Amino acid sequence: MNTDDKKFLNIAIELAEENARSGNGGPFGAVIVKDGKVIATGVNSVSTNHDPTAHAEIIAIRNACKNLKDFQLSECDLYSSCEPCPMCLGAIYWARPRRLIFASDRKDAKEAGFDDLFIYKEVCMDFQLRSIPTEHLPIKTRNAPFEAWKNNTDRIDY
């Protein structure tokens, strides 16, 4: 870790701390950096936006992609005040940043009341065993969207 990493990670932590103090959301912050410059930030706004997907990393990714006019962040680094939850980690992988750097880990989050371990476990289970009843219904037209995608010569692959 270099001094820039510490600087940007501290920005993410400061955003998270301010967000927690203000009561506007949870204690999480994220910063996305390209070429040594902050291009986007995000803070947790789950409770204020009534949106369970409004995690700091998701907000930062949305802002960065909008600012860059691109759906990939391949030349960017993502700094998070805490180890990303499974949802955010999935979004991070889809955004394809160059690196992910985080400060607190999932054990620290658990001690503060944010325990994502059950989600990590659920994701790895066969869908029939998950705590939310899940059914697979392979109807005849199930692959029509994929066929339309494969046949669209103007599609943008990702």
Side-chain angles (χ1 to χ4, degrees), residues 1-137 156-158:
M1 184 175 291
N2 60 44
T3 55
D4 280 347
D5 287 340
K6 289 179 183 177
K7 176 178 87 173
F8 294 125
L9 200 51
N10 274 316
I11 293 171
I13 292 168
E14 289 167 8
L15 288 168
E17 187 177 9
E18 173 57 32
N19 202 51
R21 281 196 178 124
S22 71
N24 289 328
F28 303 97
V31 174
I32 298 180
V33 174
K34 182 177 180 182
D35 299 326
K37 296 183 178 107
V38 174
I39 60 162
T41 64
V43 294
N44 180 288
S45 59
V46 167
S47 57
T48 54
N49 287 351
H50 311 290
D51 179 356
T53 69
H55 289 201
E57 297 89 345
I58 301 288
I59 301 296
I61 288 168
R62 289 174 182 164
N63 290 338
C65 289
K66 184 177 180 181
N67 291 342
L68 293 175
K69 296 179 178 34
D70 197 346
F71 56 86
Q72 297 199 338
L73 303 173
S74 57
E75 297 176 17
C76 300
D77 297 326
L78 193 154
Y79 296 85
S80 181
S81 63
C82 186
E83 181 178 3
C85 74
M87 176 185 68
C88 292
L89 192 56
I92 290 165
Y93 271 90
W94 280 114
R96 296 177 176 93
R98 183 174 56 186
R99 296 186 306 149
L100 164 64
I101 303 96
F102 64 89
S104 299
D105 63 20
R106 65 180 88 169
K107 293 174 193 149
D108 298 320
K110 181 180 179 180
E111 289 179 21
F114 298 91
D115 189 3
D116 297 331
L117 184 59
F118 79 97
I119 300 172
Y120 282 101
K121 289 179 180 177
E122 290 273 322
V123 168
C124 294
M125 288 182 184
D126 286 336
F127 70 86
Q128 304 93 330
L129 302 174
R130 294 179 183 156
S131 62
I132 295 176
T134 305
E135 297 178 34
H136 177 217
L137 185 59
I156 299 173
D157 292 323
Y158 56 97

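These numbers come from the heavy atoms of this one structure, side chains and all, not from hydrogens, waters or symmetry mates. In this text the structure is predicted, and so the values were computed from the model without any measurement.
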Residues at least two apart in sequence or cross-chain that pass side-chain contact (heavy atoms from CB on, under 4.5 Å) with His50, listed by chain then number, are none

Hits for side-chain contact (heavy atoms from CB on, under 4.5 Å) against Val123, two or more places apart or cross-chain, chain-then-number order -> Ile119

The side-chain contact (heavy atoms from CB on, under 4.5 Å) partners of Ala16 (sequence neighbours excluded) come to Ser81

Across all chains, not counting sequence neighbours, the ring pair (Phe, Tyr, Trp, His ring centres under 6.0 Å) partners of Phe127 are none

Side chain to side chain donor-acceptor pair (under 3.5 Å) pairs touching residues 29-46, sequence neighbours excluded, are Ser45-Asn49

Inset, instruction - Find out whether Phe71 and Ile156 are in side-chain contact, i.e. whether some heavy atom of one side chain is under 4.5 Å from a heavy atom of the other. - result: yes

Residue pairs meeting side chain to side chain donor-acceptor pair (under 3.5 Å), one or both in residues 88-97, sequence neighbours left out, come to none

Between Asn19 (side chain) and Leu15 (backbone), is there a donor-acceptor pair under 3.5 Å?
-> no

Residues 116-128 vs salt bridge (charged side-chain N to carboxylate O under 4.0 Å, His left out), sequence neighbours excluded, gives none

side-chain hydrogen bond (donor to acceptor under 3.5 Å, both in side chains) filter on Asn24, not counting sequence neighbours, yields Ser22

Asp51 meets the side-chain hydrogen bond (donor to acceptor under 3.5 Å, both in side chains) criterion, sequence neighbours left out, with Thr53

For Arg98, the salt bridge (Lys or Arg N to Asp or Glu O under 4.0 Å) test, sequence neighbours excluded, returns Asp77

Residue pairs meeting salt bridge (charged side-chain N to carboxylate O under 4.0 Å, His left out), one or both in residues 13-33, sequence neighbours left out, come to Glu17-Arg21

Is there side-chain contact between His55 and Phe28, with at least one heavy-atom pair below 4.5 Å?
no

Residue set satisfying side-chain contact (heavy atoms from CB on, under 4.5 Å) with Ala20, at least two apart, ordered chain then number -> Pro27

